[in-house]
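These figures come from a predicted structure and were not determined experimentally.
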Amino acid sequence: MKNLVIVDIGSNSSRMAIYKIDVDGFCTEVRRCKSSSRLSEGMGPEKYLTPTAISRTIDSLKSFKQIYSSIPNPTVITIATAAVRQAKNQKSFLKKVRKKVGLNVRVLSGREEAYYDYLGVINRVKMNDYLVMDIGGASIELVRVRGRKRRDLISIPVGSVNISERFNLKNYVNGADLFNAQRFLKNIFHRVPWLNKASHYQIILLGGAARTLARINRNHQHFYNVDYLNGYHLNQHRILGTYEMLLRKNLSDRKNVNGLEKDRADIILGGLLPLITLLDELDSRRVVFSDGGVREGIINEYINKHYRKY
């Protein structure tokens, strides 16, 4: 039995998951932890990680280490995504993590992040053609899947945190800021040359904003387990209605919405706006949620390499 630990240094949250893998390569998740370290906060156009954000993240990693150090012989894989990938002080950050926590971090390229998203959902989605969309704190990954094979993928360096900061979407939102944010996103999507090939595709939605959207609606629909998201789906009308409801509230009121974590209330409008924009661009009618993603893609690759072929 092997204990595998995945530590994921994200742009908005740091996460850790512990898995047990038996001799046949069967994998079971035994623990999952999250810390809202908000590493990309305040990066701005200069793309420097701030001392405060770095300190928060290192504290989160130390708390994770206390947990996984208590299990026998853990194999720890640590990855970092958009915030670290984009940071001009990346080397300094990685050196601090290595010195203070003892972790060697693999910084994923944008294409690698999108590819692992694909690996993480391919065995969980029972459809042939779809568009994977992962909305993170500082990037958006898109993967076009046709015939269950990845055809195109891209990582776009904007996400819920930097959209919210740039266009003042954290508290009350005025019409001009919302219009400018949506126009900005439309221009970005128009520059993706293959995106029109995904017209009318269903969207497989990943990321923190996705989980929040699903939980809000599962709460509203009185589901017993609001956190079980895999295969849950929403139509365009329901999504737009949810966004309008959030848009009418200020930050304080959004913190009281069932299913919306208080530490995400300030970035949820910026986090969902790329989805709202893309639904309109592609005329997509349905979004399906998946509990797969980058970490699950990393695990699939690890098992494929060390145990068996899927």
Side-chain angles (χ1 to χ4, degrees), residues 1-39 49 53-85 90-109 112-113 115-124 134 136-137 206-208 211 225 227-230 261 263 290-310:
M1 184 75 73
K2 177 177 282 290
N3 293 307
L4 179 65
V5 180
I6 308 290
V7 177
D8 180 358
I9 305 173
S11 305
N12 183 54
S13 303
S14 295
R15 298 173 184 270
M16 179 193 70
I18 301 175
Y19 304 86
K20 287 191 178 297
I21 307 176
D22 67 20
V23 293
D24 295 320
F26 184 78
C27 182
T28 305
E29 181 179 292
V30 296
R31 183 153 187 184
R32 178 177 290 203
C33 301
K34 171 198 166 189
S35 175
S36 298
S37 47
R38 198 67 70 88
L39 182 57
L49 302 172
I54 291 173
S55 179
R56 280 197 304 261
T57 302
I58 287 176
D59 286 345
S60 298
L61 298 177
K62 286 179 177 178
S63 69
F64 294 162
K65 186 173 183 177
Q66 288 182 332
I67 296 170
Y68 65 71
S69 294
S70 65
I71 63 176
N73 301 317
T75 296
V76 182
I77 299 174
T78 307
I79 59 171
T81 51
V84 181
R85 178 167 68 239
Q90 177 192 118
K91 289 183 179 179
S92 173
F93 171 75
L94 297 177
K95 184 177 179 180
K96 286 181 179 179
V97 171
R98 190 162 51 246
K99 180 180 178 181
K100 296 188 175 185
V101 195
L103 292 173
N104 292 309
V105 181
R106 176 187 173 189
V107 181
L108 300 184
S109 70
E112 286 176 325
E113 186 173 358
Y115 176 67
Y116 283 124
D117 277 333
Y118 164 74
L119 283 187
V121 304
I122 187 62
N123 291 325
R124 290 170 164 83
D134 182 355
L206 316 176
R211 289 186 289 271
N225 185 353
D227 291 319
Y228 184 78
L229 308 180
N230 199 59
E261 298 165 306
D263 61 10
S290 173
D291 59 6
V294 170
R295 289 182 300 281
E296 289 72 24
I298 294 280
I299 294 163
N300 283 353
E301 182 182 70
Y302 183 89
I303 293 174
N304 183 59
K305 180 178 179 180
H306 295 281
Y307 291 88
R308 64 170 187 263
K309 294 286 183 182
Y310 270 138

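Side-chain atoms of Glu29 and Ile18, non-hydrogen and from C-beta on, never get closer than 4.5 Å to each other. Contact of the Asn3 side chain with the Asn73 side chain is not registered, since no non-hydrogen atoms from C-beta on lie closer than 4.5 Å. Counting only heavy atoms from C-beta outward, the side chains of Phe93 and Val105 never approach each other to under 4.5 Å. Contact annotation: the side chain of Val7 never approaches that of Ser14 to less than 4.5 Å [non-hydrogen atoms, C-beta and beyond]. Put simply, the side chain of Val5 does not reach to within 4.5 Å of the side chain of Phe64, judged on heavy atoms.
In this structure, Val121 and Gly293 approach most closely via the heavy-atom pair CG1-N, 4.4 Å. Contact between Thr81 and Gly10 at its shortest, heavy atoms only, is OG1-CA, 3.6 Å. Across all non-hydrogen atoms, the minimal contact from Cys33 to Ile67 is SG-CD1, 3.7 Å.
When the salt bridge (charged side-chain N to carboxylate O under 4.0 Å, His left out) test is applied to Arg295, the partners found at least two apart in sequence or on another chain are Asp8. Every residue was checked against the side-chain hydrogen bond (donor to acceptor under 3.5 Å, both in side chains) condition with Ser11, not counting sequence neighbours, and none meets it. In this view, Arg124 and Asp291 satisfy the salt bridge (charged side-chain N to carboxylate O under 4.0 Å, His left out) rule, not counting sequence neighbours. Residues meeting the salt bridge (charged side-chain N to carboxylate O under 4.0 Å, His left out) test with Asp263, sequence neighbours left out: none. Under the side-chain hydrogen bond (donor to acceptor under 3.5 Å, both in side chains) criterion, Arg15 pairs with no residue at all, not counting sequence neighbours. Ile122 pairs by the side chain to side chain contact (heavy atoms under 4.5 Å, CB included) definition with Tyr118, Tyr130, Arg148, not counting sequence neighbours. Scored by the side-chain hydrogen bond (donor to acceptor under 3.5 Å, both in side chains) test, Ser13 finds no partners at all (sequence neighbours excluded). Applying the side-chain hydrogen bond (donor to acceptor under 3.5 Å, both in side chains) test to Thr75 and every residue at least two apart in sequence or in another chain returns Lys2. With sequence neighbours left out, the ring pair (Phe, Tyr, Trp, His ring centres under 6.0 Å) criterion links Tyr115 to no other residue. Residues meeting the salt bridge (charged side-chain N to carboxylate O under 4.0 Å, His left out) test with Lys34, sequence neighbours left out: Glu261.
Between Asn304 atom CG and Leu119 atom CG the span is 8.5 Å, to the nearest 0.5 Å. Annotation: the span from Asp59 atom CG to Thr57 atom OG1 amounts to 8.5 Å, rounded to 0.5 Å. Separating the OG atom in Ser37 from the CG atom in Asn12 is a distance of 7.5 Å, to the nearest 0.5 Å. Note: Ile77 CD1 to Tyr19 OH = 10.5 Å, rounded to the nearest 0.5 Å. The CD1 atom of Ile299 sits 6.0 Å away from the CG atom of Leu4 when rounded to the nearest 0.5 Å. The OH atom of Tyr302 lies 5.5 Å from the CD1 atom of Ile21; values are rounded to the nearest 0.5 Å.
Listed by first and then second residue, the side chain to side chain donor-acceptor pair (under 3.5 Å) pairs involving residues 90-105 amount to none (not counting sequence neighbours). Within the structure, the side chain to side chain donor-acceptor pair (under 3.5 Å) test picks out no pair touching residues 62-71 (sequence neighbours left out).
Of the possible donor and acceptor atoms, one in the side chain of Arg56 sits under 3.5 Å from a partner among the backbone N and O of Arg38. Looking only at distances, no side-chain donor or acceptor of Arg85 sits under 3.5 Å from a matching main-chain atom of Val107. Panel note: side chain Asn300, backbone Gly120; no donor-acceptor pair is recorded below 3.5 Å. A donor-acceptor pair is defined here as one N or O able to donate and one able to accept, closer than 3.5 Å; no such pair exists between the side chain of Asp24 and the backbone of Phe26. Side-chain atoms of Glu301 never come within 3.5 Å of backbone atoms of Ile298 as a donor-acceptor pair (strictly under, hydrogens ignored).
Under the 3.5 Å distance criterion, with hydrogens and angles disregarded, a donor-acceptor pair is assigned to the side chains of Ser35 and Ser60.
The number of heavy-atom neighbours closer than 6.0 Å to CZ of Arg31, taken from other residues, nucleotides and ligands shown, is 12 or below.
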